[in-house]
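My questions all concern the structure below.
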Amino acid sequence: MDLTQIFQTRNPVIGVVHLLPLPSSARWGGNLREVIDRAEQEATALAAGGVDGIIIENFFDAPFTKDNVDPAVVSAMTLITQRIQNLVMLPVGINVLRNDALSAMAIASVCQCQFIRVNVLTGVMATDQGLIEGRAHELLRYRRELGSEVCILADVLVKHARPLGTPNLTTAVQDTIERGLADGVILSGWATGSPPNLEDLELACSAAKGTPVFIGSGADWDNVGTLLQAADGVIVASSLKRRGKITEPIDPIRVQNFIEAARQGFANPPDLNKISDAFPHLEVGVKERRG
């Protein structure tokens with residue numbers, strides 16, 4: 001996965017558009033125009049704030065199905081994706097929650113998006129939706145059948161889940177890349193808004209052997225400069241919302257502040273010996289900056 005070719009930078013910041021409840025979801029409000037308007041506003045705010053890419057998620061469809069979503073969700077997400085692409089000139093990705101990777105690939109391929117996110121590509125995870133099994137073989141074959149070049153970003157030991165068994169992080173990363181054929185991997189904390197620790201990021205980067213590693217949750221302008229010393233990019237949502245609340249819309253000023261903090265982190269690497277003092281809530285395991 002060539003990050004520079006896709007995002008025009010080696011270290012992309014990808015902002016998330018959290019869609020309001022879609023048709024057939026438990027909290028569907030019956031007004032698709034409202035969903036579209038909110039999505040367009042958030043995409044515009046992210047672009048104005050300076051993100052390098054956008055990923056669209058059916059985040060407010062919870063409780064989620066564990067695999068195949070209703071066809072109405074696929075239709076709505078396809079329509080919204082096209083509307084956003086007409087508004088902003090940024091790479092766009094798709095995540096169909098909880099783990100409908102085939103639908104994500106279909107939407108992304110039809111809309112000529114650049115990437116998708118898959119929560120469970122390999123292995124088995126115990127989640128609030130039940131046991132979710134990775135179906136990498138189906139997804140990769142489907143991508144080939146579609147003649148698609150959409151990149152696959154896969155979570156490793158995804159948040160809001162526990163692995164069936166006790167896999168080693170290094171082994172999980174290697175299996176996701178070497179056996180699941182992921183184009184990039186994502187490392188998150190234990191839940192939405194929780195960051196991965198630096199030691200785990202460093203281990204993941206070492207195991208990935210050059211395959212891009214993304215921070216998948218918990219980044220804010222206080223910690224992003226440090227976390228990015230051990231990752232290639234970041235996917236961010238909560239800290240870009242008004243007052244940092246997940247239910248609020250995107251605040252372009254918060255986006256700008258986050259982008260500035262991320263860029264400063266790369267331009268001015270911190271003294272890693274002092275990180276534990278500056279960030280006592282993070283576990284430090286980084287020895288040197290990647291790249």
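Being a predicted model, the structure only gives us computed values, none of them experimental. Just so you know, residue 1 is the first one in the sequence shown, and it goes up from there. Atom set for the values below is all heavy atoms of this structure, side chains included, hydrogens, waters and symmetry mates excluded.
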- Query: Side-chain contact, heavy-atom cut-off 4.5 Å: Asp155 with Val185?
  - Reply: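 No, side chains not in contact.
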- Message: For Phe7 together with Phe115, are the ring centres under 6.0 Å from each other?
- Response: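 That pair passes the under 6.0 Å test.
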- Message: Quick one, Val236 and Ile14 - any side-chain contact, counting heavy atoms below 4.5 Å?
- Response: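 They are not in side-chain contact.
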- CG/Asn95 to CD1/Ile55 distance, rounded to the nearest 0.5 angstrom?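 One gets 5.0 Å once the value is rounded to the nearest 0.5 Å.
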- Query: Going from OG1 on Thr78 to CD1 on Ile107, what distance comes out if it is rounded to the nearest 0.5 angstrom?
  - Reply: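 Atom-to-atom, Thr78:OG1 and Ile107:CD1 are 4.0 Å apart.
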- Task: Answer yes or no: is there an ion pair linking Asp183 with Arg143, defined by an N-O contact shorter than 4.0 Å?
- Result: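 Salt bridge between Asp183 and Arg143, a charged N being under 4.0 Å from a carboxylate O: yes.
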- With rounding to the nearest 0.5 Å, note down the distance linking OG1 in Thr9 to CG in Leu3.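 CG of Leu3 is found 8.0 Å from OG1 of Thr9.
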- Message: Run the side chain to side chain contact (heavy atoms under 4.5 Å, CB included) test on Met105 and Leu146 for me, step by step, so that the C-alpha distance in whole Å, both residues' side-chain angles and the decisive distance to 0.1 Å come before the verdict.
- Response: CA-CA 9 Å; Met105 181 60 70; Leu146 293 174; 4.0 Å; yes
- Can you see which heavy atom on Leu227 is nearest to which on Pro195, and at what distance?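 Smallest interatomic distance, heavy atoms only, reads CD1-CB, 4.1 Å.
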- Query: Is a side-chain N or O of Ser103 found less than 3.5 angstrom from the main chain of Asp100, in a donor-acceptor match?
  - Reply: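 Flag not set: sc Ser103 to bb Asp100 has no pair under 3.5 Å.
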- Side-chain touch Val124/Ile132, heavy atoms, less than 4.5 angstrom: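 A side-chain contact under 4.5 Å is absent here.
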- Query: Asp61 and Arg98: salt bridge (Lys or Arg N to Asp or Glu O under 4.0 Å), yes or no, with the steps?
  - Reply: CA-CA 9 Å; Asp61 279 357; Arg98 175 71 149 127; over 6 Å; no
- Task: Could you tell me whether a side-chain N or O of Asp220 sits under 3.5 Å from a main-chain N or O of Asn223, the two making a donor and an acceptor?
- Result: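 Checked: pair present.
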- Evaluate the criterion side chain to side chain contact (heavy atoms under 4.5 Å, CB included) for residue pair Ser24 and Val73; output intermediate values, then yes/no. CA-CA 7 Å; Ser24 78; Val73 172; 3.6 Å; yes
- Item | Minimal non-hydrogen separation, Gly216 against Arg117, with atom names |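 Shortest heavy-atom separation between Gly216 and Arg117 comes out as O-NH2, 3.7 Å.
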- Short question: side chain of Lys241, backbone of Ile246 - any donor-acceptor pair under 3.5 Å?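 Yes; at least one donor-acceptor contact below 3.5 Å.
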- Item | CG-CG distance between Leu46 and Asp251, expressed to the nearest 0.5 angstrom |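 Spacing of CG (Leu46) from CG (Asp251) equals 10.5 Å.
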- Thinking salt bridges, do Arg10 and Asp232 make one under a 4.0 Å N-O criterion?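 No, Arg10 and Asp232 are not salt-bridged.
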- Message: Is it the case that over 12 heavy atoms from other parts of the model lie below 6.0 angstrom from the CD atom of Gln112?
- Response: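 No, because the 6.0 Å sphere around CD of Gln112 holds 12 heavy atoms or fewer from other groups.
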- Item | Side-chain touch Val118/Leu153, heavy atoms, less than 4.5 angstrom |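 A side-chain contact is absent here, since even the closest heavy-atom pair is not under 4.5 Å.
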- Item | Transitive ILVMFWY side-chain link Ile152 to Leu187, under 4.5 Å |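 Yes.
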- Message: In the structure I gave you, are the side-chain heavy atoms of Thr127 and Lys66 within less than 4.5 Å of one another anywhere?
- Response: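 Side-chain contact under 4.5 Å: no.
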- Task: Could you tell me which non-hydrogen atom of Leu139 sits nearest to which non-hydrogen atom of Ala101, and how far apart they are?
- Result: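 Here Leu139 and Ala101 meet closest at CD1-O, 3.6 Å.
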- Message: Please tell me whether Gln264 and Glu260 have a donor and an acceptor in their side chains that are separated by less than 3.5 angstrom.
- Response: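 Judged by distance alone, the side chains do pair up.
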- Task: Give a yes or no on whether the backbone of Val92 and the side-chain of Gln114 come within a donor-acceptor separation of less than 3.5 Å.
- Result: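 Such a contact is found between Gln114 side chain and Val92 backbone.
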- Contact check, side chains of Trp221 and Ile259, non-hydrogen atoms, under 4.5 Å: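 Not touching, per the 4.5 Å side-chain cut-off.
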- Indicate if Ile94 and Ile36 have the same hydrophobic cluster label, given that clusters are the connected sets of ILVMFWY residues with side-chain heavy-atom separations under 4.5 angstrom.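 Shared cluster, yes.
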- Identify the heavy atoms of Ile116 and Ala108 that sit nearest to each other, and give their distance.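 Result for this residue pair: CG2-CB, 3.6 Å.
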- Query: So how far is it from Glu57 CD to Leu97 CG, rounded to the nearest 0.5 Å?
  - Reply: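 Result: 5.0 Å between the selected atoms.
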- Item | Heavy-atom pair with the smallest gap, counting every atom of Leu201 and Ala231 |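 Heavy atoms only, the tightest pair is CD2-CB, 4.3 Å.
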- Query: Should Val35 and Leu32 count as side-chain neighbours, where that means a heavy-atom distance under 4.5 Å?
  - Reply: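 Val35 vs Leu32: side chains touch.
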- Message: Per the side chain to side chain donor-acceptor pair (under 3.5 Å) rule, what does the pair list look like for residues 29-54, sequence neighbours excluded?
- Response: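 Pairs touching residues 29-54 that pass the test: Arg33-Asp37, Arg38-Glu42, Glu40-Arg83, Asp52-Arg263.
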- Are Val173 and Leu198 linked, directly or through other ILVMFWY residues, by side chains that come within less than 4.5 angstrom of each other?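 Looking at the clustering, Leu198 is in the same group as Val173.
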- Message: Within this structure, what is the NZ-OG distance for the pair Lys245 and Ser238, rounded to the nearest 0.5 Å?
- Response: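 Between Lys245 NZ and Ser238 OG, I get 13.0 Å after rounding to 0.5 Å.
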- Determine, stepwise, if the pair Arg242 / Ile250 fulfils side chain to side chain contact (heavy atoms under 4.5 Å, CB included). CA-CA 6 Å; Arg242 292 177 187 170; Ile250 297 291; over 6 Å; no
- Item | Residue pair Val150 / Cys113: nearest heavy atoms and the distance that separates them |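 Reported closest heavy-atom pair: CG2-O, 3.5 Å.
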- Side-chain donor-acceptor pair under 3.5 Å between Asn99 and Asp67, yes or no?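 No - no donor-acceptor pair under 3.5 Å links their side chains.
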- Message: Taking Val17 as the starting point, is it possible to reach Val110 by hopping between hydrophobic residues whose side chains are less than 4.5 Å apart?
- Response: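 No, no single cluster joins them.
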- Message: Quick check against the 3.5 Å criterion: does Arg27 have a side-chain atom that pairs as donor or acceptor with the backbone of Phe60?
- Response: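 At least one qualifying donor-acceptor pair exists.
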- Item | Hphob cluster co-occupancy, Val16 + Leu22, side-chain heavy atoms under 4.5 angstrom |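 Not linked; separate clusters.
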- Message: Tell me if a side-chain donor or acceptor on Glu248 pairs with a main-chain N or O of Gly244 at a distance below 3.5 Å.
- Response: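 Looks like no, no N/O pair under 3.5 Å.
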- Message: Can a donor-acceptor pair be found, under 3.5 Å and without considering hydrogens, that links the side chain of Ser206 to the backbone of Glu202?
- Response: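 No, because the side chain of Ser206 does not come within donor-acceptor range (under 3.5 Å) of the backbone of Glu202.
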- Query: Side chains of Pro12 and Phe214: does their closest heavy-atom pair fall under 4.5 Å?
  - Reply: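 Pro12 vs Phe214: side chains touch.
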- Task: Give the C-alpha distance, both sets of side-chain angles, the deciding distance and a yes or no for side chain to side chain contact (heavy atoms under 4.5 Å, CB included) between Val255 and Val51.
- Result: CA-CA 8 Å; Val255 179; Val51 300; 3.8 Å; yes
